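To start, the structure under review is shown below, and the notes come after it.
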Protein chains: 2
Amino acid sequence: MIRKRGQVVADKILDTAERLFFKQGYNVTGINQVVEEADIAKASLYKHFESKTDLLLAYLQRTHERWFDRLGDDVNKIADPKEKLLTLFDYHRERQLKNGYNGCRFIKANDEAGMSDERVLAEIQKAKQHLKDFIAELVVNSGHQKLLTDKELTGLIFMMLEGGIVAASIFKQADDLQSARAIIQKLL
Amino acid sequence: MIRKRGQVVADKILDTAERLFFKQGYNVTGINQVVEEADIAKASLYKHFESKTDLLLAYLQRTHERWFDRLGDDVNKIADPKEKLLTLFDYHRERQLKNGYNGCRFIKANDEAGMSDERVLAEIQKAKQHLKDFIAELVVNSGHQKLLTDKELTGLIFMMLEGGIVAASIFKQADDLQSARAIIQKLL
DNA sequence: TATTAAATATACAGACTTGTATATTTAATA
DNA sequence: TATTAAATATACAAGTCTGTATATTTAATA
C-alpha cells in the first residue's frame, strides 16, 4: 500500500493534538504548540483542518474509532457472557493506568468545549451513546439473575464506568473501578 | 450586622466568576470579562485575589461550603435512614435541572485546571472525599440488607452520582440519575 | 524531464491574555 | 471635619491566540 504524503502529515498533526489535548487540555493548547511539536508547517495544519475546532472534531472521531476497536478486541477474546461485561471494568482500569489517570477524553472535551460548540457535543454524545448501546447488548446476552432489569443493569454499568473514570482522574488511582467490577459480579 | 465594603466587592467578583467559570469554563473566561460583568475595577479584583488561580480556588472553596450546606439541609429534613441515601439522587437531579445540565463544578475544574495546578487538584479532592465520607456515614446508619458491604455500597452510590452527573451534562437530561435512585432503592 | 500538488518557512494582522502602575474618587472611621 | 482605607478609571507591558498571506522548496506523477 502506497502511503500518501498528506496522510503522514495529517497523522502527525492528529497524534500531537491528541497527546496535547488530552494531557494539557484543549483550551490551553495553542495551534502554534501543535505545529511546533508535530514538526510541520502551520499552513499544512490549516490545509488539513479548517479550524482548531475541526481539529478537535477529527481527534474525537479518531479516538471514538480506536477506543471501540480496542474494546471490541478485548471483549471478543472472552467467551463467557458475564465475563464480557466484567472485562469492561478491566479495560477502563487498564487504560487509566496506562495514561496516568487522565480521565476520559470525551468527558474532558465536553467540559472544555461541549457547551460552546454543538458539533463537539454531538460527537461526544455519539461516542457515549455507542458505549451505552454496546453495554446494553452485552447485558441482554449475559443471562444475569434479573435482580435488576436489563435497562437498569445497563444504566448501572454505564454510570459506574463513567463515575469510576472520573474518580480515577480526581484521586489518581483506579481502586473504584476495581471495586465496581466486584460489585457488578455480585449482581450478575 | 455591618456589611463591609470589601465584602460586597469580593462577593460580586465571586458571584460573577462562579457564573462564568461554570457556564463557559475557566480557561475561556478572561479576567477582563469577570471585571466587566461584576462591574468592579480590575485593581479591586487583584486586591482581593492574588491571581486568577486564587480566584478559582476561592470559587471552589465557596462552592464546596455552599453545596454541602444545602445537601445537609435536605438530608436533615428526612428521618428514614434509607430515604436519606435516596435523597442524594434527588438533590443531584434537582441541581442538574436547575442549572441547565451543566454538570459538576469540581469535575469541570478538574478537567480544566486540575492537571496543571496541584492546589486546584487538592481542593477538588477534598470536596469529593467529603462527599464520599458523607455517603459512607449514611450507609453505615442505613440498615441496608447487606447484599453489598458498607464499603461497596458507598463506592457504588458515589460512582453512580458522579456517573449520573456526567451523563446528565452530556445527554442534557437527568434520566440516569432517576434510574440510579430506583436501582439503589432495590439494593437497600 | 516537465508539470502539478503538497509541504515548507516566514511574516503578519488583529484581537485577546494576565497582571501592573498611577492617579483619582469614594466612603467609613476617629 | 480630618484621616485613612477601599474602590475606581485608565493606560500599559509583554506575551499569546487563531488564522491568513506570500514566496519557496520538495516530491510525486504524466
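Per chain, numbering begins at 1; letters A, B, ... match sequence-line order. This is a predicted model, so every value here is computed, not measured. When reading the values below, keep in mind they use all heavy atoms of this one structure, side chains included, and skip hydrogens, waters and symmetry mates.
A salt bridge links B:Lys132 with A:Asp176: the distance from a Lys NZ or Arg NE/NH1/NH2 to an Asp or Glu carboxylate oxygen falls below 4.0 Å. Under a 4.0 Å N-O distance rule, the pair A:Glu83/A:Arg181 qualifies as a salt bridge. Salt bridge absent: B:Glu65 and B:Arg62 never bring a charged side-chain N and a carboxylate O closer than 4.0 Å.
By the 6.0 Å and 45° rule, B:Lys52 stacks over the aromatic ring of B:Tyr26.
One interatomic measurement links the two molecules: CG of B:Leu55 to P of C:dG19, which rounds to 10 Å at whole-angstrom precision. Summarising the geometry, the separation between CD1 on B:Ile13 and C1' on C:dT18 is reported as 15 Å, rounded to the nearest angstrom. Across the protein-nucleic acid pair, A:Lys12 atom NZ and C:dT8 atom C1' stand 11 Å apart, rounded to whole Å. Atom pair B:Asp11:CG and D:dA7:C1' shows a separation of 15 Å (rounding to whole Å applied). Across the protein-nucleic acid pair, B:Glu36 atom CD and D:dT10 atom P stand 13 Å apart, rounded to whole Å. Atom NZ in B:Lys47 sits roughly 13 Å away from atom P in C:dT22 (whole-Å rounding).
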Under 3.5 Å, N/O pairs linking protein and nucleotides 16-19 of chain D:
| residue | atom | partner | partner atom | Å |
| --- | --- | --- | --- | --- |
| D:dT18 | OP1 | A:Lys52 | NZ | 2.9 |
| D:dT18 | OP2 | A:Ile31 | N | 2.6 |
| D:dG19 | OP2 | A:Tyr46 | OH | 3.1 |
| D:dG19 | OP2 | A:Lys52 | N | 3.0 |
| D:dG19 | N7 | A:Lys42 | NZ | 3.1 |
| D:dG19 | O6 | A:Lys42 | NZ | 2.6 |

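Remark: the backbone N or O of A:Glu112 is not paired with any side-chain donor or acceptor of B:Glu112 at under 3.5 angstrom.
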Practice problem: For DNA chain C, produce a single dot-bracket line, 5' to 3'. Pairs: Watson-Crick or G-U wobble, both distances under 3.5 Å. Symbols: ( ) within strand, [ ] crossing, | other strand, . unpaired. | Solution: ||||||||||||||||||||||||||||||
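Between B:His48 and the phosphate of D:dA7, there is a side-chain N or O to OP1/OP2 separation shorter than 4.0 Å.
Side chain to side chain, A:His144 and A:Asp150 meet the donor-acceptor criterion of an N or O pair below 3.5 Å. The closest side-chain donor-acceptor pair between B:Asn102 and B:Lys23, if any, does not fall under 3.5 angstrom.
Under the 4.5 Å side-chain heavy-atom criterion for ILVMFWY residues, a single connected hydrophobic cluster contains both B:Ile157 and B:Leu147.
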